[in-house]
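Single-structure report; data block below.
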Amino acid sequence: MRTSAESDEQTLRHLVRQARPSGALPPDFAAAVWRRIEQSEAITKGRWQQWLTQAAAFLWEPRHVIATFAAALFLGAVTGLIQGWQQSEDLARQRYLTAVRPLLP
Amino acid sequence: MNPRVAGWALLCAALVAVGLFFASAQLVARWSAHRFSNPHDDLEWLRREFRLSQTDLERIRLLHEGYLPQCREWCAKIAAKKAELEAELAATSHFSPRAAELVRELASLRAECQIRMLQHFAEVSRAMPADQGRRYLAEMLRLTLGAHEQTERAMAPAVLHPHAHP
């Protein structure tokens with residue numbers, strides 16, 4: 001008597017046999033694969049060039065370029081303030097030490 | 001726009017932006033370090049580092065202002081003794097007994113000056129809240145005595161390997 005599991009396995013084997021590709025590959029299969037790779041590279045390169053052109057066009061506007069440089073200045077100033085606060089502690093400490101221990105380096 | 005021209009334009013803009021960023025950071029850091037350090041007050045570091053109240057700070061200011069003239073007086077004595085020693089060394093071609101005496105006197109003055117300085121640190125630490133006072137004293141001992149320890153440590157290998165000497 002056949003069990004249900006054996007029956008399922010038979011059905012699966014049959015399906016796998018049917019799904020297996022038969023026959024040779026088409027004659028221009030390799031060329032087609034390369035063509036698809038090249039097309040995909042061309043699309044990527046095109047997107048990059050498009051982005052570059054758009055970014056340059058954005059900066060071509062005087063107000064945009066001024067805003068970009070102003071943002072760089074602002075961020076630099078904020079960074080400078082943070083650094084200045086840290087350095088000021090060293091300066092203040094050095095001043096106190098110079099006042100109270102003049103003999104030492 | 002030609003992609004190559006666009007690339008160069010973007011590169012130039014990026015270089016200018018980076019230059020502006022670093023230049024402004026440098027200028028503002030220099031300006032604000034000087035300004036935040038409160039250059040007119042020697043005690044600014046104590047106030048910030050040890051989170052002193054106005055009352056504590058005023059008490060410490062009195063001690064500080066009392067200590068400074070004494071400190072200057074000792075410095076003047078040390079400078080005079082040093083000048084005397086230099087004159088003695090310049091006057092004779094050999095190391096005279098008087099020069100040796102002056103070296104001892106100079107060392108004694110320096111030691112006395114250091115004792116006064118450590119006494120001042122102890123006084124200031126007592127004028128602070130207990131925790132901060134302990135931290136202040138430890139920090140000042142590290143910063144002042146530590147300078148000598150570095151020199152002594154640098155000399156230590158000669159002491160640790162006595163057999164290396166002839």
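Each chain gets a letter, A, B and so on, in the order the sequences are listed, and its residues count up from 1.
Residues of residues 85-98 of chain B never come within less than 4.5 angstrom of chain A, heavy atom to heavy atom.
At least one side-chain heavy atom of B:Phe36 sits under 4.5 Å from a side-chain heavy atom of B:Arg48. The shortest side-chain heavy-atom distance between A:Leu97 and B:Met140 falls under the 4.5 Å cut-off. A:Glu61 has its side chain out of reach of A:Val65: every pair of non-hydrogen atoms, C-beta onward, lies at least 4.5 Å apart.
Interface remark: B:Glu139 contributes side-chain atoms only to the contact with chain A (heavy atom separation under 4.5 Å). Residue contact with chain A, scored on non-hydrogen atoms closer than 4.5 Å, involves the side chain of B:Leu46 exclusively.
Looking only at heavy-atom pairs under 4.5 Å with chain B, the residue among A:Ile82, A:Leu59, A:Leu73, A:Thr79 that has the most is A:Leu73. When A:Gln86, A:Gln49, A:Gln54 are compared by the number of non-hydrogen pairs under 4.5 Å with chain B, A:Gln49 comes out ahead. Most heavy-atom pairs under 4.5 Å with chain A, from the set B:Gly19, B:Ala23, B:Ala17: that is B:Ala17.
Taking B:Phe21 as the reference, nothing meets the ring-ring contact (aromatic ring centres under 6.0 Å, His included) condition, with sequence neighbours excluded. Remark: B:His34 pairs with no residue by the ring-ring contact (aromatic ring centres under 6.0 Å, His included) rule, at least two apart or across chains. Qualifying side chain to side chain contact (heavy atoms under 4.5 Å, CB included) partners for B:Glu65, counting only residues two or more places apart in sequence or in other chains: B:Arg61.
For A:Arg93 and A:Glu89, the salt-bridge test fails: no basic side-chain N is under 4.0 Å from an acidic carboxylate O.
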Between B:Asp56 and B:Ser53, does a side-chain hydrogen bond (donor to acceptor under 3.5 Å, both in side chains) hold up when you go through it step by step?
CA-CA 5 Å; B:Asp56 292 338; B:Ser53 68; 3.2 Å; yes
